[in-house]
Amino acid sequence: MSALGAYVEHQRELGVLGFPRNPGPAPEAPRARTTSVEPTPGNLFVSPGLEATRNLEELRTHIGDCRRCKLAPHRTHLVFGVGSPRARLVFVGEAPGRDEDLQGEPFVGRAGQLLTEIITKGMKVRREDVYIANVIKCRPPDNRNPEPDEVASCEPFLLRQLELIGPEVVVALGKFAVQTLLRVKTPITQLRGRWYDYHGIKLMPTFHPAYLLRNPADKRLVWQDIQKVMLELGIGTGPR
Ligand code: SF4
């Protein structure tokens with residue numbers, strides 16, 4: 001089963017909105033895959049064909065002028081993601097902010113500049129050689145945290161994006177992205193700096209660049225986390 005298929009199955013088991021809990025007592029009954037989820041009222045995951053997308057262009061076409069959750073009316077641009085379609089490293093943030101919504105690209109404001117410095121000056125990697133995306137592709141009003149039904153609607157797109165890119169490492173940026181992807185409520189101060197598994201991909205949580213703008217003393221902690229990522233990828237540390 002693909003990571004996306006496993007994700008959908010897990011959401012069903014949890015009874016997340018849009019994935020009705022299986023009421024039947026027959027555990028052996030075949031379970032639905034993504035493409036067989038029917039677009040019924042209240043079912044927010046109405047995206048048959050998602051698993052059939054073969055590359056990022058097809059995925060972007062599939063998402064289209066998305067109205068699958070209640071964030072759609074608030075956006076200027078749907079922020080899909082940027083970078084190399086074969087990136088070994090993907091950064092995942094929370095959701096587009098004002099600048100990102102206006103420009104249609106993730107991490108373009110001051111926090112984005114700091115992320116670019118981490119990538120280019122710290123890791124000595126070109127920004128276009130990594131991939132950058134968010135858990136949620138449309139800006140929540142007033143930059144509020146995305147809500148569970150919005151995550152349930154949008155995260156499958158991120159998961160398919162990661163399946164198509166096939167990175168070795170995901171760096172999750174900030175409390176919301178980390179806690180959402182890992183399905184935990186543990187403070188990021190306890191999560192950061194350690195490896196986790198996200199659907200078969202190694203995931204490193206660290207602080208969000210926007211947090212670092214307010215707390216520059218913690219840049220050294222992010223640098224520690226990034227050095228672990230570089231070691232894992234064999235970047236700047238000699239031959240693998
Ligand atoms: S946040 Fe995601 S699911 Fe919601 S409208 Fe935007 S692209 Fe669609």
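Remember, it's 1-based here, ligands and their atoms both numbered in the order they're listed.
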Side chain, backbone, both or neither: the part of Lys70 lying under 4.0 Å from ligand 1 by heavy atom: neither
Test item: side-chain donor near acceptor, Asp101 and Thr76, under 3.5 Å: yes
Would His208 and Phe107 count as a close aromatic pair, with their ring centres under 6.0 Å? yes
If you have a sec, work out which protein heavy atom is nearest atom 2 (Fe) of ligand 1 and how many Å separate them, to one decimal? Cys154 SG, 2.3 Å
Who's the nearest protein heavy-atom neighbour of atom 6 (Fe) of ligand 1, and how far? Cys138 SG, 2.3 Å
How close do Gln190 and Tyr196 get, heavy atom to heavy atom, and via which atoms? O-OH, 4.2 Å
Candidate list Asn134, Val222, Val135, Thr206, test side chain to side chain contact (heavy atoms under 4.5 Å, CB included), partner Leu173, passing option: Thr206
Atom 4 (Fe) of ligand 1 - nearest protein heavy atom and its distance: Cys69 SG, 2.4 Å
Counting from 1, what ligand 1 atoms have a heavy atom of Leu78 closer than 4.0 Å? 7 (S)
Name the closest protein heavy atom to atom 8 (Fe) of ligand 1, giving the residue it belongs to and the distance to 0.1 Å. Cys66 SG, 2.2 Å
Test item: Leu233 and Val169 side chains (from C-beta on) under 4.5 Å apart, heavy atoms: yes
Close side-chain approach of Thr61 and Leu59, heavy atoms under 4.5 Å: no
With heavy-atom distances below 4.0 Å as the criterion, list the atoms of ligand 1 near Arg75. 5 (S), 6 (Fe)
